Student: 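Provided herewith is a single structure, encoded as structure tokens, for subsequent inquiry.
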Amino acid sequence: AQKVTQAQTEISVVEKEDVTLDCVYETRDTTYYLFWYKQPPSGELVFLIRRNSFDEQNEISGRYSWNFQKSTSSFNFTITASQVVDSAVYFCALSEALGSGGGADGLTFGKGTHLIIQP
Amino acid sequence: DAGVTQSPTHLIKTRGQQVTLRCSPKSGHDTVSWYQQALGQEPQFIFQYYEEEERQRGNFPDRFSGHQFPNYSSELNVNALLLGDSALYLCASSIRLAGTSSYEQYFGPGTRLTVT
């Protein structure tokens with residue numbers, strides 16, 4: 001069975017600090033997808049990134065960066081120079097690839113990390 | 001380009017009643033997944049529809065059922081509502097492309113269901 005662990009329940013930092021959100025996953029499949037979503041107080045889940053298991057390249061998008069390491073089954077997310085607007089709950093999620101039909105199955109989410117950026 | 005839309009936004013029902021929630025996927029998407037998110041918890045996968053069939057199901061009872069229409073829109077039905085069914089119900093759409101890694105799930109704003 002697949003599992004996602006986000007050990008940090010809540011993180012509070014002062015604006016402009018860098019912050020890293022940890023994500024550790026478990027899966028028996030060799031083909032899988034990892035995701036990060038942001039959920040602001042409004043409630044809508046905002047897609048941030050998807051990674052497939054064959055692509056271990058780290059990615060940077062503006063102030064956001066992701067570090068995928070299969071050796072430690074981790075997919076960590078770093079926000080550089082945090083801003084108050086980054087305050088939200090962040091979810092890491094995993095899906096395993098379906099068979100020859102393509103696509104992927106439902107997402108298994110971690111319990112989320114509540115990030116608080118103080119001005 | 002319209003994103004994923006859901007209706008209604010909010011709903012209040014009484015225990016034992018039945019409810020139907022609706023979802024229209026993002027343009028070009030053919031797969032719809034439904035999730036339940038209780039207050040303060042992570043989303044839980046209910047089921048996924050593709051080609052008008054339920055393709056995968058999470059750990060939810062048969063009281064939860066769904067449907068996908070030829071235009072890819074979908075409905076979630078919940079029968080015999082319980083107080084514990086109170087949650088935010090999220091719909092996500094994606095594309096199922098065989099042989100590719102093109103797969104991203106985009107979520108709608110959700111329907112807040114309150115069961116009293």
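Not measured: the values here are computed from a predicted model.
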Student: Name, in order of residue number, those residues of residues 108-116 of chain B that have a heavy atom at a distance of less than 4.5 Å from a heavy atom in chain A; otherwise write 'none'.
Tutor: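 Listed by number, the contacting residues are B:Gly108, B:Pro109.
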Student: Checking side-chain polar atoms at under 3.5 Å, does B:Gln105 have a donor or acceptor matched by the opposite partner on A:Tyr33?
Tutor: no
Student: For the interface with chain B, which of A:Gly43, A:Gly112, A:Gly110, A:Ser42 has the highest count of heavy-atom pairs at distances below 4.5 Å?
Tutor: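 Max contact count across the listed options: A:Gly110.
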Student: Among B:Glu42, B:Gln41, B:Arg57, B:Gln37, which has the most heavy-atom pairs under 4.5 Å with chain A?
Tutor: B:Glu42
Student: Look up atom CD in A:Gln6 and atom CZ in A:Phe109, then write down how far apart they are to the nearest 0.5 Å.
Tutor: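 Separation between the atoms: 10.0 Å.
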Student: Tell me whether B:Asp85 is salt-bridged to B:Arg63, with the criterion being a basic N under 4.0 Å from an acidic carboxylate O.
Tutor: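 So B:Asp85 pairs with B:Arg63 through a salt bridge.
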Student: Between A:Thr113 and A:Tyr90 (side chain of the first, backbone of the second, donor and acceptor by atom type, cut-off under 3.5 Å), is there such a pair?
Tutor: no
Student: What class does the angle between the rings of A:Tyr37 and B:Phe107 fall in, given that below 30° is parallel, 30 to 60° is tilted and above 60° is perpendicular?
Tutor: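 Judged by the thresholds at 30° and 60°, the geometry between A:Tyr37 and B:Phe107 is perpendicular.
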Student: Are the side chain of A:Asp18 and the backbone of A:Ala81 linked by a donor-acceptor contact shorter than 3.5 Å?
Tutor: yes
Student: Considering only heavy atoms from C-beta outward, does the side chain of A:Lys111 approach that of A:Thr9 to under 4.5 Å?
Tutor: no
